[in-house]
Amino acid sequence: MAVMSEAEKVSELHLEVKASLMNEDFEKIKNWQKEAFHKQMMGGFKETKEAEDGFRKAQKPWAKKLKEVEAAKKAYHAACKEEKLAISRESNSKVDPSLNPEQLKKLQDKVEKCKQDVLKTKEKYEKSLKELDQSTPQYMENMEQVFEQCQQFEEKRLRFFREVLLEVQKHLDLSNVSSYKNIYRELEQSLKAADAVEDLRWFRANHGPGMSMNWPQFEEWSADMNRTLSRREKKKATDGVTLTGINQTGDQALQNKPSSVSSYEKTQSYPTDWSDDESNNPFSSTDANGDSNPFDEDATSGTEVRVRALYDYEGQEHDELSFKAGDELTKIEDEDEQGWCKGRLDNGQVGLYPANYVEAIQ
(Lines give C-alpha, C1' and ligand atoms only; values in the text may rest on other atoms or scores of the structure.)
Protein backbone atom coordinates (compact mmCIF):
# COMPACT_ATOMS: atom_id res chain seq x y z
CA MET A 1 0.00 0.00 0.00
CA ALA A 2 2.87 2.37 0.77
CA VAL A 3 4.47 1.70 -2.63
CA MET A 4 1.15 2.14 -4.44
CA SER A 5 0.50 5.30 -2.47
CA GLU A 6 3.92 6.61 -3.57
CA ALA A 7 3.07 5.91 -7.22
CA GLU A 8 -0.29 7.64 -6.89
CA LYS A 9 1.15 10.73 -5.22
CA VAL A 10 3.99 10.99 -7.76
CA SER A 11 1.49 10.64 -10.61
CA GLU A 12 -0.52 13.50 -9.10
CA LEU A 13 2.62 15.65 -9.06
CA HIS A 14 3.29 14.71 -12.69
CA LEU A 15 -0.25 15.76 -13.59
CA GLU A 16 0.43 19.08 -11.90
CA VAL A 17 3.61 19.40 -13.99
CA LYS A 18 1.60 18.68 -17.14
CA ALA A 19 -1.00 21.28 -16.16
CA SER A 20 1.73 23.88 -15.56
CA LEU A 21 3.41 23.13 -18.89
CA MET A 22 0.17 23.26 -20.88
CA ASN A 23 -1.67 26.07 -19.09
CA GLU A 24 1.29 28.38 -18.47
CA ASP A 25 4.30 27.64 -20.69
CA PHE A 26 2.49 26.38 -23.79
CA GLU A 27 -0.07 29.18 -23.68
CA LYS A 28 2.73 31.73 -23.20
CA ILE A 29 4.53 30.46 -26.31
CA LYS A 30 1.32 30.45 -28.35
CA ASN A 31 0.48 34.04 -27.38
CA TRP A 32 4.04 35.19 -28.12
CA GLN A 33 3.96 33.48 -31.49
CA LYS A 34 0.73 35.27 -32.41
CA GLU A 35 2.22 38.61 -31.42
CA ALA A 36 5.68 38.12 -32.97
CA PHE A 37 4.81 36.26 -36.21
CA HIS A 38 1.89 37.45 -38.31
CA LYS A 39 0.74 35.06 -41.03
CA GLN A 40 0.07 36.30 -44.55
CA MET A 41 -2.84 35.31 -46.74
CA MET A 42 -0.52 33.87 -49.38
CA GLY A 43 1.57 31.92 -46.87
CA GLY A 44 4.66 32.72 -44.87
CA PHE A 45 5.11 35.36 -42.19
CA LYS A 46 4.94 39.13 -42.51
CA GLU A 47 8.20 39.57 -40.54
CA THR A 48 10.10 37.25 -42.90
CA LYS A 49 8.87 39.11 -45.98
CA GLU A 50 9.79 42.49 -44.44
CA ALA A 51 13.33 41.28 -43.74
CA GLU A 52 13.77 39.90 -47.27
CA ASP A 53 12.34 43.09 -48.83
CA GLY A 54 14.63 45.21 -46.65
CA PHE A 55 17.76 43.38 -47.81
CA ARG A 56 16.56 43.46 -51.42
CA LYS A 57 15.96 47.24 -51.30
CA ALA A 58 19.35 47.89 -49.70
CA GLN A 59 21.10 45.79 -52.34
CA LYS A 60 19.28 47.14 -55.40
CA PRO A 61 21.39 50.30 -56.22
CA TRP A 62 24.69 48.58 -55.57
CA ALA A 63 23.59 45.44 -57.45
CA LYS A 64 22.72 47.60 -60.46
CA LYS A 65 26.19 49.15 -60.50
CA LEU A 66 27.73 45.72 -60.06
CA LYS A 67 26.00 44.55 -63.24
CA GLU A 68 27.41 47.61 -65.07
CA VAL A 69 30.90 46.75 -63.85
CA GLU A 70 30.52 43.16 -65.02
CA ALA A 71 29.34 44.31 -68.45
CA ALA A 72 32.24 46.82 -68.80
CA LYS A 73 34.70 44.17 -67.71
CA LYS A 74 33.36 41.75 -70.31
CA ALA A 75 33.56 44.38 -73.07
CA TYR A 76 37.14 45.38 -72.14
CA HIS A 77 38.34 41.77 -72.15
CA ALA A 78 36.68 41.14 -75.51
CA ALA A 79 38.41 44.25 -76.97
CA CYS A 80 41.81 43.10 -75.68
CA LYS A 81 41.27 39.70 -77.26
CA GLU A 82 40.30 41.26 -80.57
CA GLU A 83 43.37 43.56 -80.46
CA LYS A 84 45.71 40.62 -79.90
CA LEU A 85 44.15 38.73 -82.78
CA ALA A 86 44.50 41.77 -85.14
CA ILE A 87 48.18 42.28 -84.24
CA SER A 88 48.85 38.61 -84.89
CA ARG A 89 47.24 38.80 -88.33
CA GLU A 90 49.23 41.94 -89.24
CA SER A 91 52.50 40.26 -88.26
CA ASN A 92 51.72 37.22 -90.37
CA SER A 93 50.79 39.39 -93.40
CA LYS A 94 54.24 41.00 -93.54
CA VAL A 95 55.85 37.70 -94.49
CA ASP A 96 53.09 36.76 -96.93
CA PRO A 97 54.10 37.86 -100.50
CA SER A 98 50.66 37.08 -101.93
CA LEU A 99 49.03 40.05 -100.14
CA ASN A 100 48.87 43.38 -101.97
CA PRO A 101 49.48 46.76 -100.27
CA GLU A 102 45.77 47.48 -100.01
CA GLN A 103 45.15 44.33 -97.92
CA LEU A 104 48.08 45.18 -95.69
CA LYS A 105 46.63 48.66 -95.17
CA LYS A 106 43.31 47.17 -94.05
CA LEU A 107 45.03 44.94 -91.49
CA GLN A 108 46.97 47.91 -90.10
CA ASP A 109 43.73 49.94 -89.82
CA LYS A 110 42.10 47.03 -87.99
CA VAL A 111 44.90 46.98 -85.44
CA GLU A 112 44.62 50.71 -84.90
CA LYS A 113 40.85 50.49 -84.44
CA CYS A 114 41.21 47.60 -81.91
CA LYS A 115 43.67 49.65 -79.89
CA GLN A 116 41.20 52.52 -79.71
CA ASP A 117 38.40 50.10 -78.62
CA VAL A 118 40.65 48.76 -75.88
CA LEU A 119 41.28 52.26 -74.59
CA LYS A 120 37.57 53.15 -74.64
CA THR A 121 36.39 49.93 -72.93
CA LYS A 122 39.18 50.20 -70.38
CA GLU A 123 38.18 53.73 -69.52
CA LYS A 124 34.51 52.71 -69.18
CA TYR A 125 35.45 49.69 -67.07
CA GLU A 126 37.55 51.80 -64.71
CA LYS A 127 34.82 54.43 -64.45
CA SER A 128 32.07 51.92 -63.57
CA LEU A 129 34.37 50.26 -61.06
CA LYS A 130 35.06 53.61 -59.44
CA GLU A 131 31.35 54.36 -59.19
CA LEU A 132 30.78 50.95 -57.60
CA ASP A 133 33.49 51.65 -55.02
CA GLN A 134 31.90 55.00 -54.23
CA SER A 135 28.46 53.44 -53.63
CA THR A 136 29.84 50.59 -51.50
CA PRO A 137 29.83 52.52 -48.17
CA GLN A 138 26.18 53.48 -48.64
CA TYR A 139 25.40 49.89 -49.60
CA MET A 140 27.11 48.61 -46.44
CA GLU A 141 25.28 51.16 -44.30
CA ASN A 142 21.87 50.20 -45.72
CA MET A 143 22.56 46.48 -45.41
CA GLU A 144 23.83 46.85 -41.86
CA GLN A 145 20.74 48.80 -40.89
CA VAL A 146 18.43 46.00 -42.10
CA PHE A 147 20.71 43.41 -40.53
CA GLU A 148 20.56 45.15 -37.14
CA GLN A 149 16.78 45.18 -37.30
CA CYS A 150 16.84 41.41 -37.81
CA GLN A 151 19.34 41.04 -35.00
CA GLN A 152 17.08 42.98 -32.63
CA PHE A 153 14.15 40.76 -33.53
CA GLU A 154 16.27 37.66 -33.04
CA GLU A 155 17.56 38.95 -29.70
CA LYS A 156 13.99 39.34 -28.44
CA ARG A 157 13.19 35.81 -29.61
CA LEU A 158 16.24 34.28 -27.93
CA ARG A 159 15.61 36.15 -24.68
CA PHE A 160 11.99 35.04 -24.71
CA PHE A 161 12.92 31.40 -25.24
CA ARG A 162 15.52 31.56 -22.50
CA GLU A 163 12.88 32.89 -20.14
CA VAL A 164 10.32 30.27 -21.17
CA LEU A 165 12.77 27.36 -20.96
CA LEU A 166 13.78 28.45 -17.46
CA GLU A 167 10.10 28.30 -16.51
CA VAL A 168 9.83 24.85 -18.11
CA GLN A 169 12.90 23.69 -16.17
CA LYS A 170 11.41 25.00 -12.95
CA HIS A 171 8.16 23.12 -13.59
CA LEU A 172 9.97 19.89 -14.50
CA ASP A 173 12.37 19.95 -11.56
CA LEU A 174 10.65 18.21 -8.63
CA SER A 175 13.79 18.07 -6.48
CA ASN A 176 12.90 21.39 -4.84
CA VAL A 177 9.24 20.48 -4.23
CA SER A 178 8.77 19.73 -0.53
CA SER A 179 5.80 17.42 -1.12
CA TYR A 180 7.94 15.33 -3.49
CA LYS A 181 10.55 14.81 -0.78
CA ASN A 182 7.83 13.99 1.76
CA ILE A 183 6.50 11.21 -0.46
CA TYR A 184 9.74 9.22 -0.24
CA ARG A 185 10.28 10.12 3.38
CA GLU A 186 6.87 8.62 4.19
CA LEU A 187 7.58 5.59 2.00
CA GLU A 188 10.84 4.93 3.85
CA GLN A 189 9.09 5.22 7.23
CA SER A 190 6.31 2.86 6.12
CA LEU A 191 8.78 0.24 4.90
CA LYS A 192 10.90 0.45 8.04
CA ALA A 193 7.76 0.15 10.21
CA ALA A 194 6.80 -3.22 8.68
CA ASP A 195 6.71 -5.96 11.40
CA ALA A 196 6.39 -9.56 10.19
CA VAL A 197 5.45 -10.96 13.63
CA GLU A 198 2.73 -8.35 14.18
CA ASP A 199 1.43 -8.93 10.65
CA LEU A 200 1.11 -12.68 11.23
CA ARG A 201 -0.58 -12.11 14.57
CA TRP A 202 -3.13 -9.82 12.98
CA PHE A 203 -3.87 -12.30 10.19
CA ARG A 204 -4.24 -15.15 12.72
CA ALA A 205 -6.72 -13.10 14.76
CA ASN A 206 -8.80 -12.09 11.72
CA HIS A 207 -8.50 -15.01 9.29
CA GLY A 208 -6.98 -17.89 11.28
CA PRO A 209 -7.70 -19.95 14.41
CA GLY A 210 -8.20 -16.76 16.43
CA MET A 211 -11.16 -15.53 14.37
CA SER A 212 -14.81 -15.81 15.48
CA MET A 213 -16.39 -19.25 14.90
CA ASN A 214 -19.96 -20.33 14.28
CA TRP A 215 -20.14 -24.13 14.14
CA PRO A 216 -23.11 -25.84 12.40
CA GLN A 217 -26.13 -26.52 14.67
CA PHE A 218 -29.30 -28.54 14.27
CA GLU A 219 -31.93 -26.69 12.23
CA GLU A 220 -35.60 -27.67 12.14
CA TRP A 221 -37.19 -28.22 8.72
CA SER A 222 -39.53 -25.55 7.39
CA ALA A 223 -41.67 -25.18 4.30
CA ASP A 224 -39.62 -22.20 3.19
CA MET A 225 -36.69 -24.52 2.46
CA ASN A 226 -38.55 -26.01 -0.53
CA ARG A 227 -38.54 -22.77 -2.49
CA THR A 228 -35.97 -22.23 -5.22
CA LEU A 229 -32.79 -20.73 -3.80
CA SER A 230 -31.59 -17.44 -5.16
CA ARG A 231 -28.03 -16.95 -6.33
CA ARG A 232 -27.26 -14.85 -3.24
CA GLU A 233 -28.10 -17.82 -1.00
CA LYS A 234 -26.09 -20.13 -3.22
CA LYS A 235 -23.07 -17.89 -2.76
CA LYS A 236 -23.38 -18.33 1.00
CA ALA A 237 -23.57 -22.10 0.71
CA THR A 238 -20.26 -23.98 1.00
CA ASP A 239 -19.15 -27.51 0.30
CA GLY A 240 -16.47 -27.53 3.01
CA VAL A 241 -16.04 -26.09 6.46
CA THR A 242 -17.67 -22.72 7.20
CA LEU A 243 -15.92 -20.43 9.68
CA THR A 244 -18.18 -17.62 10.81
CA GLY A 245 -18.60 -16.06 14.24
CA ILE A 246 -19.06 -17.31 17.79
CA ASN A 247 -16.91 -16.46 20.77
CA GLN A 248 -13.55 -14.74 20.66
CA THR A 249 -10.68 -17.01 21.64
CA GLY A 250 -6.91 -16.95 21.85
CA ASP A 251 -5.39 -13.88 20.24
CA GLN A 252 -8.77 -12.45 19.20
CA ALA A 253 -8.14 -9.34 21.30
CA LEU A 254 -5.38 -8.41 18.88
CA GLN A 255 -8.03 -7.19 16.43
CA ASN A 256 -8.44 -4.00 18.40
CA LYS A 257 -4.74 -3.48 19.03
CA PRO A 258 -3.12 -0.79 16.83
CA SER A 259 -0.37 -2.21 14.66
CA SER A 260 2.75 -0.53 13.35
CA VAL A 261 2.71 -2.77 10.29
CA SER A 262 1.85 -1.02 7.03
CA SER A 263 0.13 -4.06 5.56
CA TYR A 264 -1.99 -4.18 2.45
CA GLU A 265 -4.15 -6.90 4.00
CA LYS A 266 -5.15 -4.71 6.93
CA THR A 267 -6.76 -2.21 4.59
CA GLN A 268 -8.91 -4.83 2.86
CA SER A 269 -12.43 -5.76 3.94
CA TYR A 270 -12.90 -9.53 4.10
CA PRO A 271 -16.35 -11.21 4.11
CA THR A 272 -17.26 -13.21 7.19
CA ASP A 273 -18.43 -16.10 4.99
CA TRP A 274 -15.78 -18.34 3.51
CA SER A 275 -16.51 -20.01 0.21
CA ASP A 276 -14.66 -22.92 -1.37
CA ASP A 277 -14.59 -21.19 -4.74
CA GLU A 278 -12.68 -18.21 -3.34
CA SER A 279 -8.94 -18.18 -3.93
CA ASN A 280 -8.15 -16.87 -0.42
CA ASN A 281 -9.98 -19.72 1.37
CA PRO A 282 -7.43 -21.87 3.24
CA PHE A 283 -9.95 -24.75 3.09
CA SER A 284 -10.26 -24.63 -0.72
CA SER A 285 -10.80 -27.75 -2.76
CA THR A 286 -7.10 -28.01 -3.64
CA ASP A 287 -4.27 -27.60 -1.13
CA ALA A 288 -0.70 -26.45 -1.73
CA ASN A 289 0.32 -29.96 -2.86
CA GLY A 290 -2.51 -30.25 -5.37
CA ASP A 291 -4.47 -32.81 -3.28
CA SER A 292 -8.23 -32.65 -2.85
CA ASN A 293 -9.83 -31.00 0.17
CA PRO A 294 -9.72 -33.45 3.12
CA PHE A 295 -13.09 -32.07 4.27
CA ASP A 296 -14.83 -33.04 1.01
CA GLU A 297 -16.32 -36.53 1.11
CA ASP A 298 -17.21 -36.68 -2.57
CA ALA A 299 -15.05 -35.17 -5.32
CA THR A 300 -16.66 -33.79 -8.43
CA SER A 301 -16.59 -36.44 -11.08
CA GLY A 302 -16.42 -34.01 -14.00
CA THR A 303 -18.37 -36.51 -16.19
CA GLU A 304 -20.80 -34.87 -18.62
CA VAL A 305 -24.30 -36.38 -18.75
CA ARG A 306 -27.17 -35.58 -21.10
CA VAL A 307 -30.40 -34.68 -19.24
CA ARG A 308 -33.99 -33.73 -20.20
CA ALA A 309 -36.04 -30.96 -18.56
CA LEU A 310 -39.17 -32.17 -16.71
CA TYR A 311 -40.57 -28.65 -16.15
CA ASP A 312 -40.21 -25.15 -17.47
CA TYR A 313 -37.65 -23.04 -15.63
CA GLU A 314 -36.91 -19.33 -16.00
CA GLY A 315 -33.48 -18.28 -14.65
CA GLN A 316 -33.76 -15.77 -11.79
CA GLU A 317 -30.12 -14.66 -11.89
CA HIS A 318 -27.74 -13.83 -14.73
CA ASP A 319 -25.79 -17.09 -14.14
CA GLU A 320 -28.84 -19.39 -14.24
CA LEU A 321 -30.13 -21.28 -17.27
CA SER A 322 -33.66 -21.04 -18.69
CA PHE A 323 -35.37 -23.93 -20.49
CA LYS A 324 -38.72 -25.49 -21.36
CA ALA A 325 -40.05 -28.93 -20.45
CA GLY A 326 -38.63 -31.47 -22.89
CA ASP A 327 -35.48 -29.47 -23.72
CA GLU A 328 -32.22 -31.41 -23.55
CA LEU A 329 -28.98 -30.09 -22.06
CA THR A 330 -25.64 -31.37 -20.71
CA LYS A 331 -24.91 -31.65 -17.00
CA ILE A 332 -21.23 -30.77 -16.47
CA GLU A 333 -21.12 -30.73 -12.63
CA ASP A 334 -22.98 -32.91 -10.10
CA GLU A 335 -25.64 -31.63 -7.72
CA ASP A 336 -24.39 -29.66 -4.71
CA GLU A 337 -25.81 -29.72 -1.17
CA GLN A 338 -28.29 -26.98 -2.05
CA GLY A 339 -29.78 -28.93 -4.95
CA TRP A 340 -28.17 -27.07 -7.86
CA CYS A 341 -26.33 -28.48 -10.88
CA LYS A 342 -24.13 -26.80 -13.44
CA GLY A 343 -25.03 -27.44 -17.07
CA ARG A 344 -24.59 -26.33 -20.65
CA LEU A 345 -27.32 -25.68 -23.21
CA ASP A 346 -26.89 -26.77 -26.80
CA ASN A 347 -26.23 -23.14 -27.77
CA GLY A 348 -23.14 -23.17 -25.55
CA GLN A 349 -24.55 -21.16 -22.60
CA VAL A 350 -23.26 -22.41 -19.24
CA GLY A 351 -25.08 -21.85 -15.95
CA LEU A 352 -26.89 -23.30 -12.93
CA TYR A 353 -30.30 -25.00 -12.73
CA PRO A 354 -32.33 -26.91 -10.08
CA ALA A 355 -31.33 -30.57 -10.08
CA ASN A 356 -34.89 -31.81 -9.52
CA TYR A 357 -36.10 -30.07 -12.70
CA VAL A 358 -34.37 -32.59 -15.01
CA GLU A 359 -33.86 -36.32 -15.44
CA ALA A 360 -31.04 -38.27 -17.02
CA ILE A 361 -31.62 -39.50 -20.56
CA GLN A 362 -31.44 -43.30 -20.63
Side-chain angles (χ1 to χ4, degrees), residues 28-166 168:
K28 192 173 183 179
I29 292 175
K30 280 182 63 178
N31 294 333
W32 173 84
Q33 187 177 15
K34 290 179 181 178
E35 295 173 0
F37 292 93
H38 301 86
K39 290 185 178 180
Q40 299 184 117
M41 292 183 61
M42 301 302 292
F45 294 104
K46 177 183 176 183
E47 288 70 22
T48 304
K49 187 175 186 302
E50 288 178 351
E52 291 175 350
D53 290 346
F55 281 116
R56 192 179 297 111
K57 184 178 179 180
Q59 289 174 340
K60 189 173 182 181
W62 192 84
K64 182 179 180 181
K65 292 185 179 299
L66 178 64
K67 286 183 179 179
E68 292 176 357
V69 169
E70 293 292 334
K73 175 184 174 182
K74 185 177 181 180
Y76 169 66
H77 288 176
C80 291
K81 183 179 179 181
E82 190 69 23
E83 179 191 23
K84 184 178 180 181
L85 184 62
I87 293 174
S88 176
R89 287 176 180 172
E90 183 192 16
S91 299
N92 294 333
S93 64
K94 291 180 180 179
V95 294
D96 188 0
S98 63
L99 294 177
N100 54 40
E102 185 179 352
Q103 289 176 329
L104 293 174
K105 182 73 170 59
K106 286 183 179 180
L107 290 175
Q108 291 174 356
D109 293 342
K110 179 68 174 176
V111 170
E112 190 64 28
K113 184 176 181 303
C114 287
K115 287 182 178 180
Q116 293 177 359
D117 290 342
V118 167
L119 292 174
K120 289 180 181 179
T121 54
K122 182 180 180 181
E123 182 181 356
K124 188 176 181 180
Y125 178 31
E126 290 175 343
K127 182 180 178 182
S128 60
L129 191 60
K130 185 178 180 180
E131 291 177 354
L132 181 66
D133 292 339
Q134 291 174 349
S135 64
T136 298
Q138 184 64 42
Y139 162 73
M140 290 296 296
E141 182 180 347
N142 295 339
M143 289 291 288
E144 188 172 350
Q145 184 178 359
V146 179
F147 182 81
E148 286 301 324
Q149 292 175 354
C150 295
Q151 288 289 82
Q152 291 173 7
F153 182 85
E154 183 67 7
E155 182 181 5
K156 291 180 181 178
R157 190 180 74 91
L158 293 175
R159 289 184 182 277
F160 169 78
F161 272 103
R162 180 179 179 275
E163 178 185 345
V164 169
L165 290 175
L166 284 174
V168 171

Please find the pair of heavy atoms, one from [X] and one from [Y], that lie closest to each other, and give the distance.
{"X": "Glu163", "Y": "Lys28", "value": "OE2-NZ, 2.9 Å"}
{"X": "Val118", "Y": "Ala79", "value": "CG2-O, 3.4 Å"}
{"X": "Val111", "Y": "Glu90", "value": "CG2-OE1, 3.5 Å"}
{"X": "Cys114", "Y": "Glu83", "value": "CB-CA, 3.5 Å"}

Euclidean distance, [Y] [atom2] relative to [X] [atom1], rounded to 0.5 Å:
{"X": "Asp117", "Y": "Lys122", "atom1": "CG", "atom2": "NZ", "value": "14.5 Å"}
{"X": "Gln149", "Y": "Phe153", "atom1": "CD", "atom2": "CZ", "value": "12.0 Å"}
{"X": "Asn142", "Y": "Gln138", "atom1": "CG", "atom2": "CD", "value": "4.5 Å"}
{"X": "Gln151", "Y": "Leu158", "atom1": "CD", "atom2": "CG", "value": "9.0 Å"}
{"X": "Met41", "Y": "Lys46", "atom1": "CE", "atom2": "NZ", "value": "14.0 Å"}
{"X": "Phe37", "Y": "Glu47", "atom1": "CZ", "atom2": "CD", "value": "6.5 Å"}

Aromatic rings Trp32 and Phe160: how do their planes relate, parallel, tilted or perpendicular, breaks at 30° and 60°?
-> parallel
Salt bridge or not between [X] and [Y]? Use side-chain N to carboxylate O under 4.0 Å.
{"X": "Asp109", "Y": "Lys113", "value": "no"}
{"X": "Asp53", "Y": "Arg56", "value": "yes"}
{"X": "Glu123", "Y": "Lys120", "value": "no"}

Without swapping roles, check the side chain of Ser91 against the backbone of Ile87 for a donor-acceptor pair under 3.5 Å.
-> yes
Compile the donor-acceptor pairs under 3.5 Å between side chains in residues 61-75 and protein atoms, sequence neighbours left out, one pair per line.
from	atom 1	to	atom 2	distance (Å)
Trp62	NE1	Thr136	OG1	3.0

Is it the case that atom [atom1] in [X] sees more than 12 heavy atoms from other parts of the structure closer than 6.0 Å?
{"X": "Tyr139", "atom1": "OH", "result": "yes"}
{"X": "Glu131", "atom1": "CD", "result": "yes"}
{"X": "Gln103", "atom1": "CD", "result": "yes"}

Can you check side-chain contact (heavy atoms from CB on, under 4.5 Å) on Glu112 and Gln116, steps first, answer last?
-> CA-CA 6 Å; Glu112 190 64 28; Gln116 293 177 359; 4.2 Å; yes
Could you check Glu102 against Lys105 for salt bridge (charged side-chain N to carboxylate O under 4.0 Å, His left out), going step by step and ending with a plain yes or no?
-> CA-CA 5 Å; Glu102 185 179 352; Lys105 182 73 170 59; over 6 Å; no
Would His38 and Phe45 count as a side-chain contact (heavy atoms from CB on, under 4.5 Å) if you check the C-alpha gap in whole Å, the side-chain angles of each, and the deciding distance to 0.1 Å?
-> CA-CA 5 Å; His38 301 86; Phe45 294 104; over 6 Å; no
